[in-house]
Amino acid sequence: MLLVHCTAACSQPSDEATPAPVESANAPAADAALNADTKLVMAFGDSLYAGYGVKQDESFPAQLEKALSDKGLKVSVHNAGVSGDTTAAGLQRLAFALDGLPRKPDLVILGLGGNDMLRGINPDQTLSNMEAMLKELQKRDIDVVMTGMIAAPNLGRDYASRFNPIFTQLAEKYDAELYPFFLDGVITDPKLMLPDGVHPNPQGIAKTVSGISSLVADELKG
């Protein structure tokens with residue numbers, strides 16, 4: 001059933017041409033002042049994390065940080081999203097992004113693969129890149145929450161049958177929590193999407209945050 005959620009948006013062109021401004025891999029000033037009792041989360045992904053088309057205080061990391069705070073958690077969510085990133089690009093910058101933080105994060109939220117799918121990249125390559133990132137995080141003893149993506153129907157059943165299971169398979173293999181589809185309940189509602197039909201607006205981001213925040217909170221408390 002989730003497959004139909006990509007019909008309106010995932011067949012659109014990649015967001016690579018007009019990347020949104022995002023924070024660099026260097027830790028922002030706010031992260032530098034982390035208290036010992038503040039949990040550090042790195043949101044590592046593409047434009048869906050970076051805040052494409054919205055203000056930075058409306059982005060996924062910013063809204064997630066507020067939602068976690070409302071749940072009584074002291075958390076700093078570092079925005080490490082880069083618009084247009086494929087899994088290959090993410091793999092190239094993961095270690096640099098981690099090393100640029102003020103300390104080892106308590107959790108990484110990993111959300112890549114959408115641009116691979118939009119470009120029709122071989123799912124075997126997507127799987128390999130995602131697995132390499134999870135191995136790096138495992139080597140550093142960092143807990144992971146993954147946010148999944150699904151293939152657009154226009155890519156065909158064969159592509160979908162190879163792409164869609166990637167996130168579940170890797171989450172199980174590397175003992176990572178999984179939010180199966182980042183845009184679940186969002187992409188089919190035009191009121192929750194930007195005019196490009198690809199990216200969520202602030203209200204759409206809020207809906208995603210409402211769906212994932214409890215999962216993230218439980219992982220941080222665990």
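For the numbers below, each heavy atom of this structure counts, side chains included, while hydrogens, waters and symmetry mates do not. Note that the coordinates shown come from a computational prediction; the quantities given were computed from them, not determined experimentally.
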Test side-chain contact (heavy atoms from CB on, under 4.5 Å) applied to M193 and V186, step by step: CA-CA 7 Å; M193 298 294 291; V186 176; 3.8 Å; yes

Donor-acceptor contact present, side-chain T168 to main-chain P165, <3.5 Å: no

Please check: side-chain N/O of E172 versus main-chain N/O of Q169, any donor-acceptor pairing under 3.5 Å? no

Return the [atom1] to [atom2] distance between [X] and [Y], rounded to the nearest 0.5 Å.
{"X": "Q92", "Y": "T87", "atom1": "CD", "atom2": "OG1", "answer": "10.0 Å"}
{"X": "Q63", "Y": "K66", "atom1": "CD", "atom2": "NZ", "answer": "9.0 Å"}
{"X": "M146", "Y": "L170", "atom1": "CE", "atom2": "CG", "answer": "5.0 Å"}
{"X": "M130", "Y": "T126", "atom1": "CE", "atom2": "OG1", "answer": "8.5 Å"}
{"X": "E219", "Y": "L107", "atom1": "CD", "atom2": "CG", "answer": "6.0 Å"}
{"X": "S69", "Y": "L64", "atom1": "OG", "atom2": "CG", "answer": "11.0 Å"}

Does the salt bridge (charged side-chain N to carboxylate O under 4.0 Å, His left out) test come out yes or no for D143 and R140, once each step is laid out? CA-CA 9 Å; D143 290 334; R140 294 176 182 241; over 6 Å; no

Run the salt bridge (charged side-chain N to carboxylate O under 4.0 Å, His left out) check on D189 and K191 step by step: do they pass? CA-CA 5 Å; D189 187 345; K191 297 190 300 295; 3.2 Å; yes

Parallel, tilted or perpendicular, as decided by the 30° and 60° cut-offs, for the rings of F167 and F163: perpendicular

For [X] and [Y], which heavy atoms make the closest approach, and how far apart are they?
{"X": "K71", "Y": "S213", "answer": "CE-OG, 3.4 Å"}
{"X": "A171", "Y": "L178", "answer": "CB-CB, 3.9 Å"}
{"X": "L183", "Y": "T208", "answer": "CA-OG1, 4.5 Å"}
{"X": "Q138", "Y": "Y174", "answer": "NE2-CD2, 3.7 Å"}
{"X": "V75", "Y": "V41", "answer": "CG1-CG2, 3.8 Å"}
{"X": "V54", "Y": "P200", "answer": "CG1-O, 4.1 Å"}

Flag for [Y]-[X]: side-chain donor and acceptor within less than 3.5 Å:
{"X": "Q56", "Y": "N79", "answer": "yes"}
{"X": "Y49", "Y": "T147", "answer": "yes"}
{"X": "T86", "Y": "N115", "answer": "no"}

Using a 4.5 Å cut-off on heavy atoms from C-beta on, say whether the side chain of [Y] contacts that of [X].
{"X": "K207", "Y": "L192", "value": "yes"}
{"X": "R162", "Y": "L127", "value": "no"}
{"X": "I121", "Y": "M117", "value": "no"}
{"X": "E65", "Y": "S76", "value": "yes"}
{"X": "S83", "Y": "D46", "value": "no"}
{"X": "S47", "Y": "H199", "value": "yes"}
{"X": "L98", "Y": "F44", "value": "no"}
{"X": "N35", "Y": "T38", "value": "yes"}

Test salt bridge (charged side-chain N to carboxylate O under 4.0 Å, His left out) on K139 and E136; report intermediate values, then the result. CA-CA 5 Å; K139 182 178 71 174; E136 177 67 19; 3.2 Å; yes

Are any of the side-chain nitrogens in R93 or D85 under 4.0 Å away from the carboxylate oxygens of its partner? yes

Applying side-chain contact (heavy atoms from CB on, under 4.5 Å), run through L134 and L110 and close with a yes or a no. CA-CA 9 Å; L134 288 165; L110 179 62; 4.1 Å; yes

Does atom [atom1] ([X]) have a neighbourhood of more than 12 heavy atoms from anything else shown, all under 6.0 Å?
{"X": "K104", "atom1": "NZ", "answer": "yes"}
{"X": "R103", "atom1": "CZ", "answer": "yes"}
{"X": "D70", "atom1": "CG", "answer": "yes"}

Is there a continuous path of hydrophobic side-chain contacts, each under 4.5 Å between heavy atoms, that joins L68 to I142? yes

Ring center gap for F60 and F182 short of 6.0 angstrom: yes

Applying side-chain contact (heavy atoms from CB on, under 4.5 Å) to I109 and V144, what does each step give before you reach the verdict? CA-CA 6 Å; I109 307 175; V144 182; over 6 Å; no

